[in-house]
Protein chains: 2
Amino acid sequence: MASSRAESPRASVWLSRKAVPKRKGDGDGGLDLERIVAATVRLLDAEGLAKFSMRRLAAELGVTAMSVYWYVDTKDDLLEIVLDGINGSMVVPDVSREDEDWRDQLRLLALEYRKMLSSHTWVTQLLGRYLNIGPRSMAYTNACLAVIRRSGVEEARITGALSAVFQFVYGFCTAEGLFKERCNAAGLSEDEYFKQLMAEVAEREDYEESFKDAAELAESQSREEQREGDFAYALETVIAGIEAMRDR
Amino acid sequence: MASSRAESPRASVWLSRKAVPKRKGDGDGGLDLERIVAATVRLLDAEGLAKFSMRRLAAELGVTAMSVYWYVDTKDDLLEIVLDGINGSMVVPDVSREDEDWRDQLRLLALEYRKMLSSHTWVTQLLGRYLNIGPRSMAYTNACLAVIRRSGVEEARITGALSAVFQFVYGFCTAEGLFKERCNAAGLSEDEYFKQLMAEVAEREDYEESFKDAAELAESQSREEQREGDFAYALETVIAGIEAMRDR
DNA sequence: ACCTGAACACCGTTCAAGT
DNA sequence: ACCTGAACACCGTTCAAGT
């Protein structure tokens, strides 16, 4: 839902938005949609989504709380625009080159997605709130479509196959980002925090052997190692699955 | 982050929580953690996470805003408890039966997860905010571990394989829930809303052929059909991938 | 032991007014 | 065309007080 107050909120900025910003940047010290978006990203990176507010943003821009509203209708609209902007930061391989292996290009796209999601942990939270259909994110989507088509998966199965890859990456990065945020909040390293969590779980009455084995294996390596290993293995799993289903 | 105000927030309720609630329900009309959790679920189902507030909850319980705080330290703690409670609503297959096909049981677990996530759309949002390590969700996790072990995937790869399945389901249901919420907010059916979205995208300068094909295919069926088809295909893709990786 | 009321420090957003 | 100030209707939470 867009604003919790609005009677009938717009379902997405992109459904009514003019292509051009309200005002073009003219280089002087004034406000600008571009400047607003940049400041928003900076704040979200530094302080997280929970602490972000329109008032905080205005302060960062050295301006009164309501100035931003001349460029943007609501906070939700701003965040939707920011979401699309950050999607545009992904580097997309040249999908027109038919000599490239589709699997390699799919891996590249997945890794690029992961890089974006884990260097801006708030993006996963925005993806759970706003439709990701802005112009810049569509460029990425188009590249994904072009690559998966070269796999030989039949047209009707393409969206299913893509969702196996990218919904997985999204879910994985959500969990990753959340865990890192918790470690920061607790002021502990990832490994310290994990150990504490495991100790707490181990004390429970219904603690099970099946969990113990996994926990011990996990503690024999660093969180970072485990995460990278899991991600790489899972990604290969999905790609192998796409091939297997295609050949069925 | 737990509360945006607290200096050093607890990283998770479960790290310090007593096993028993502050007060046991005694059947009379008084407040109760159980009653509070039930009312919270009811409100979240009916009005969504964005509209949920401690004051709204108190009103629903016919009580003053601050009464709830006797049972629960913060709003975040309450939501983390609610998250675990709803996880406990999943039915878990009997994983001790070695004669059952692990693939069937894994499918059951994935479908159960999906059922929970798509009948309570706010759960995906909570999963992006709180660690899901309460006692009731651990029962589900243990079942998943037991089932995947029977696949023959080597122990070190088990967490990776599981994350391919369940992070996918999580991501998929997040997108599904978000889309449904948008349709409701716009007061349109899923198919009407989708059509409107596609029309808007088609007008863009950078509209690409690769997207057109997928969009046309999508419009030839209902959202519901497409979604079920995609989910089923993607789930089979991941399971096929687990087998392929195991046999490599 | 449980619940209340008033208060504090915040929100997003509207609206009339300034330049 | 752009920005401000005051105001409205909310938040989560603390704290002293009631029963």
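A note on names: the letters A, B, ... follow the listed sequences, proteins ahead of strands, and every chain is numbered from 1. A quick note: this is a predicted structure, and the numbers were derived from the prediction, not measured.
Listed pair A:Y69 / D:dC3 fails the phosphate criterion, with no side-chain N or O lying under 4.0 Å from OP1 or OP2.
Scanning DNA chain C for stems, defined as runs of 3 or more consecutive Watson-Crick or G-U wobble pairs whose donor-acceptor distances all fall under 3.5 Å, gives the following ranges: C:4-8 with D:12-16, C:12-16 with D:4-8.
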List every contact pair, protein side and nucleotides 4-7 of chain C side both N or O, where the distance is under 3.5 Å.
from  : atom 1 : to    : atom 2 : distance (Å)
C:dT4 : OP2    : B:T64 : N      : 2.9
C:dT4 : OP2    : B:S67 : OG     : 2.3

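Nucleotide D:dT13 holds its P atom 9 Å from the CG atom of B:D73, rounded to whole Å. When rounded to the nearest whole Å, the span between NZ of A:K51 and P of D:dG12 equals 18 Å. Between the CG atom of B:L57 and the C1' atom of D:dT13 there is a distance of 15 Å, given to the nearest Å. Atom CG of B:D77 is separated from atom C1' of D:dT13 by 13 Å (rounded to the nearest Å). One interatomic measurement links the two molecules: CG of A:L61 to C1' of D:dC3, which rounds to 13 Å at whole-angstrom precision. In this entry the distance linking CE of B:M54 with P of D:dC10 reads 18 Å, nearest Å. Atoms CH2 (B:W70) and P (D:dT13) sit 18 Å apart, rounded to a whole Å. As a whole-Å value, the separation of B:F52 CZ from C:dC11 P is 21 Å.
One distance of note links CG of A:N142 with CZ of B:F211; it measures 6.5 Å at 0.5 Å rounding. To the nearest 0.5 Å, the span separating OG on B:S210 from CE on A:M138 amounts to 8.5 Å. Separating the OG atom in B:S89 from the CZ atom in B:R136 is a distance of 7.5 Å, to the nearest 0.5 Å.
A centroid separation of 6.0 Å or more is found between the aromatic rings of B:F168 and A:F172.
Under the 4.0 Å criterion applied to side-chain N and carboxylate O atoms, B:E192 and B:K195 are not assigned as salt-bridge partners.
For residues 56-71 of chain B, the pairs satisfying salt bridge (charged side-chain N to carboxylate O under 4.0 Å, His left out) are B:R42-B:E60, B:E47-B:R56, B:R56-B:E60, with sequence neighbours left out.
In this pair, B:Y140 and B:F166 present their aromatic rings perpendicular. The plane angle is above 60°, beyond the 30 to 60° band.
With 3.5 Å as the limit, one finds no donor-acceptor pair spanning the side chains of B:D230 and A:S163.
Geometrically, A:R182 does not engage A:Y193 in a cation-pi contact, judged by NZ or CZ lying under 6.0 Å from the ring centre and within 45° of the ring axis.
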